[in-house]
2 protein chains.
Amino acid sequence: MSEPRWLDGQEREAWLSLAALMFVLPAALDSQLQRDEDLSMADYMVLAMLSETGDRQMRMSDLAALASTSQSRLSRIVSRLEQKGFVSRTMAAEDRRAVVAHLTDHGMAKVEQAAPGHVEAVRSMVFDRLTDEQVGQLAEIGRALLTDACTPHRALPADGHPQGTACP
Amino acid sequence: MSEPRWLDGQEREAWLSLAALMFVLPAALDSQLQRDEDLSMADYMVLAMLSETGDRQMRMSDLAALASTSQSRLSRIVSRLEQKGFVSRTMAAEDRRAVVAHLTDHGMAKVEQAAPGHVEAVRSMVFDRLTDEQVGQLAEIGRALLTDACTPHRALPADGHPQGTACP
DNA sequence: GACATACTGTTGACACATCAATAGTTGCAG
DNA sequence: CTGCAACTATTGATGTGTCAACAGTATGTC
């Protein structure tokens with residue numbers, strides 16, 4: 001293996017910041033939701049995604065992709081949400097492999113109750129600290145990093161995606 | 001509670017991207033390190049931080065802050081790393097409460113072995129997708145979000161930091 | 001139409017993180 | 001110098017995520 005291309009000074013600083021963010025932000029948001037609403041960030045994402053569909057329901061696999069989680073993780077999340085009465089599961093009519101998760105009224109009420117505190121947390125931790133211009137830059141950077149994010153980091157021949165990632 | 005300030009269109013898009021990133025990036029990096037080196041991202045961060053000090057050693061509390069983890073999490077991480085022979089723990093001479101983690105030669109060799117693959121992964125997932133200008137913007141945004149990141153999201157009276165977060 | 005292949009969702013076993021409680025230590029206030 | 005508050009690190013209990021294996025279903029090919 002040849003000598004890798006190391007990170008230069010600016011890349012290094014950007015990376016240290018991004019890495020720290022990936023540790024701190026989820027922890028802080030999880031903490032707020034857990035404390036105030038007894039939900040994890042992932043739970044909230046799933047409920048929020050469901051609440052924004054027209055008919056409050058979605059196939060598990062689509063939901064997993066939208067919430068950027070593995071199918072296995074989503075399955076456990078939905079199980080918990082189902083136990084709490086926020087979501088119900090039914091089999092899909094057109095494809096008997098598929099399962100459709102449906103947001104109950106109770107679940108809808110829960111999202112609406114949780115949303116203000118969560119949004120306020122996001123605001124105080126992120127957007128209150130950025131200029132409008134930076135918000136635009138961040139959106140653009142996010143788009144760049146997420147488009148085709150599932151290209152393997154190195155071309156490993158005949159090595160498909162390790163089942164379960166959010167990569168279709 | 002008054003009606004919260006919701007996110008506008010651009011904030012919303014930026015947030016959805018950032019949230020997706022916070023799910024996907026750590027998972028992908030963890031996956032690479034786990035597969036190739038049997039290390040978690042947090043393990044690697046701790047080893048890397050230690051390797052960059054002058055004397056390869058640091059107090060647990062300082063290490064926790066630098067790696068952006070809770071003390072409790074760090075304690076378990078260092079336990080695992082110690083079991084594998086990458087790190088050793090000794091009591092601090094000047095403060096008998098404190099513990100100093102020390103990177104062993106074996107641990108140093110491990111970081112040096114793991115670094116190229118990890119850096120390559122970071123490169124392919126992040127920096128290869130950004131322009132130089134965007135890298136600068138990202139560094140700036142990271143700085144803005146991390147400075148004083150421990151200010152509570154809302155002023156809760158007499159409600160100290162819930163022990164264990166990376167907030168001094 | 002029968003077989004091979006790919007897809008969907010779930011689960012058992014395991015690894016890991018978090019929370020709260022703890023023991024030991026320091027340092028300051030009176 | 002004594003007692004109280006704050007700090008440091010660890011740990012038991014619990015909840016959650018990950019990986020690999022699995023059963024059931026769809027799709028395409030001959």
Side-chain angles (χ1 to χ4, degrees), chain A residues 23-24 26-35 38-46 58-65 67-84 87 89-101 160-168, chain B residues 22-24 26-35 38-46 58-65 67-84 89-101 160-168:
Chain A
F23 278 74
V24 168
L29 292 171
D30 262 321
S31 174
Q32 183 270 326
L33 279 170
Q34 196 71 56
R35 174 169 49 80
D38 192 34
L39 288 176
S40 73
M41 177 78 189
D43 292 344
Y44 178 85
M45 289 285 279
V46 167
M58 199 180 296
R59 281 181 52 154
M60 294 290 282
S61 50
D62 296 337
L63 197 47
S68 307
T69 67
S70 64
Q71 283 198 21
S72 131
R73 187 180 179 186
L74 179 71
S75 181
R76 297 194 192 276
I77 291 172
V78 170
S79 293
R80 291 196 297 270
L81 294 177
E82 191 175 31
Q83 274 197 323
K84 295 184 186 175
V87 164
R89 277 191 275 206
T90 57
M91 302 192 64
E94 72 284 3
D95 186 339
R96 289 167 61 196
R97 289 171 300 183
V99 170
V100 175
H161 300 303
Q163 166 213 47
T165 56
C167 296
Chain B
M22 288 184 336
F23 278 74
V24 169
L29 293 170
D30 261 320
S31 173
Q32 182 270 326
L33 278 169
Q34 196 72 55
R35 173 168 50 82
D38 192 34
L39 288 176
S40 72
M41 177 78 189
D43 291 344
Y44 178 85
M45 288 286 279
V46 166
M58 199 180 298
R59 282 179 53 153
M60 293 290 282
S61 51
D62 297 337
L63 197 47
S68 307
T69 67
S70 65
Q71 284 196 48
S72 138
R73 186 180 178 187
L74 178 71
S75 181
R76 298 195 193 275
I77 291 172
V78 170
S79 293
R80 290 196 297 269
L81 294 177
E82 191 175 30
Q83 274 197 322
K84 295 185 186 175
R89 276 190 278 206
T90 56
M91 304 191 65
E94 71 284 4
D95 185 340
R96 289 168 59 196
R97 289 172 299 184
V99 170
V100 174
H161 301 305
Q163 167 215 46
T165 55
C167 296

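By convention in this document, chain letters (A, B, ...) are assigned in the order of the sequence lines, proteins followed by strands, and residues within each chain are numbered from 1.
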A.B. asks: Mind checking side-chain hydrogen bond (donor to acceptor under 3.5 Å, both in side chains) for A:D62 and listing every partner two or more places apart, or none if nothing turns up?
C.D. replies: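 Here no residue qualifies.
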
A.B. asks: Which residues satisfy the salt bridge (charged side-chain N to carboxylate O under 4.0 Å, His left out) test with B:R76, sequence neighbours excluded?
C.D. replies: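 Checked B:R76 against salt bridge (charged side-chain N to carboxylate O under 4.0 Å, His left out); zero matches.
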
A.B. asks: Can you tabulate the close N/O pairs, meaning under 3.5 Å, that link protein atoms to atoms of nucleotides 3-5 of chain D?
C.D. replies:
none

A.B. asks: Would you kindly give the CZ-to-P distance between B:R59 and C:dT25, to the nearest whole Å?
C.D. replies: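 Going from CZ in B:R59 over to P in C:dT25 covers 14 Å.
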
A.B. asks: If you check the B:A98 side chain, which of C:dT10, D:dA9, D:dT16 turns out closest?
C.D. replies: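 Comparing C:dT10, D:dA9, D:dT16 against the side chain of B:A98, the answer is D:dA9.
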
A.B. asks: Quick check on the helix from C:dG1-D:dC30 to C:dG30-D:dC1: what's the angle between its two end axes, five base pairs per end, to the nearest 10°?
C.D. replies: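 Overall, the helix from C:dG1-D:dC30 to C:dG30-D:dC1 bends by 20° from one end axis to the other.
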
A.B. asks: What residues, two or more places apart in sequence or in another chain, satisfy side chain to side chain contact (heavy atoms under 4.5 Å, CB included) together with A:R73?
C.D. replies: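 Testing A:R73 for side chain to side chain contact (heavy atoms under 4.5 Å, CB included), a comparison that skips the adjacent residues, returns A:A42, A:T69, A:S70, A:I77, B:F23.
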
A.B. asks: Kindly write out the residues that satisfy salt bridge (charged side-chain N to carboxylate O under 4.0 Å, His left out) with A:R96, not counting sequence neighbours, or none if the list is empty.
C.D. replies: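 None.
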
A.B. asks: Can you sort out the partners of B:Y44 under ring pair (Phe, Tyr, Trp, His ring centres under 6.0 Å), two or more places apart, ordered by chain and number?
C.D. replies: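 Partners of B:Y44 by the ring pair (Phe, Tyr, Trp, His ring centres under 6.0 Å) criterion, ordered by chain and then number, come out as B:H118.
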
A.B. asks: Which residues satisfy the side chain to side chain contact (heavy atoms under 4.5 Å, CB included) test with B:V100, sequence neighbours excluded?
C.D. replies: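 B:V100 satisfies side chain to side chain contact (heavy atoms under 4.5 Å, CB included) with B:Q57, B:R59, B:T90, B:A92 once adjacent residues are dropped.
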
A.B. asks: Rounded to whole angstroms, how far apart are CE on A:M58 and P on C:dT8?
C.D. replies: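 After rounding, the gap between these two atoms is 15 Å.
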
A.B. asks: CG of A:L74 versus C1' of C:dT8: gap in Å, rounded?
C.D. replies: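 These atoms are roughly 12 Å apart.
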
A.B. asks: Going by side chain to side chain contact (heavy atoms under 4.5 Å, CB included), name the residues that satisfy it together with B:R89, two or more places apart in sequence or in a different chain.
C.D. replies: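 In terms of side chain to side chain contact (heavy atoms under 4.5 Å, CB included), with neighbours along the sequence ignored, B:R89 is linked to B:M60, B:S75, B:V78, B:S79, B:E82, B:V99.
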
A.B. asks: Output a table of nitrogen or oxygen pairs between the protein and nucleotides 23-29 of chain D separated by less than 3.5 Å.
C.D. replies:
{"residue": "D:dT25", "atom": "OP1", "partner": "A:R96", "partner atom": "NH2", "Å": "3.4"}
{"residue": "D:dA26", "atom": "OP1", "partner": "A:R96", "partner atom": "N", "Å": "2.9"}

A.B. asks: So how far is it from B:L39 CG to B:K84 NZ, rounded to the nearest 0.5 Å?
C.D. replies: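 The NZ atom of B:K84 is 5.5 Å from CG of B:L39, to the nearest 0.5 Å.
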
A.B. asks: Under 3.5 Å, which N/O atoms of the protein pair with N/O atoms of nucleotides 11-13 of chain C?
C.D. replies:
{"residue": "C:dG12", "atom": "N7", "partner": "A:R76", "partner atom": "NH2", "Å": "3.1"}
{"residue": "C:dG12", "atom": "O6", "partner": "A:R76", "partner atom": "NH2", "Å": "2.2"}
{"residue": "C:dA13", "atom": "N6", "partner": "A:R76", "partner atom": "NH2", "Å": "3.3"}

A.B. asks: Name all residues meeting the side-chain hydrogen bond (donor to acceptor under 3.5 Å, both in side chains) criterion together with B:S61; count only those two or more places apart in sequence or in a different chain, and write none if there are none.
C.D. replies: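 Here no residue qualifies.
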
A.B. asks: Ignoring backbone atoms, test whether B:T69 places a side-chain nitrogen or oxygen under 4.0 Å from the OP1 or OP2 oxygen of C:dA17.
C.D. replies: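 It does not, given that no N or O in the side chain of B:T69 lies less than 4.0 Å from OP1 or OP2 of C:dA17.
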
A.B. asks: Please determine, for the side chain of B:S70, which listed nucleotide (D:dT8, C:dT18, C:dT10) has the closest atom?
C.D. replies: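 Nearest to the side-chain atoms of B:S70, counting from C-beta on, is C:dT18.
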
A.B. asks: Taking the nucleotide of DNA chain C with the closest heavy atom to each, which residue, A:V100 or B:S40, is nearer the 5' end?
C.D. replies: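 Here A:V100 is the residue nearer the 5' end.
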
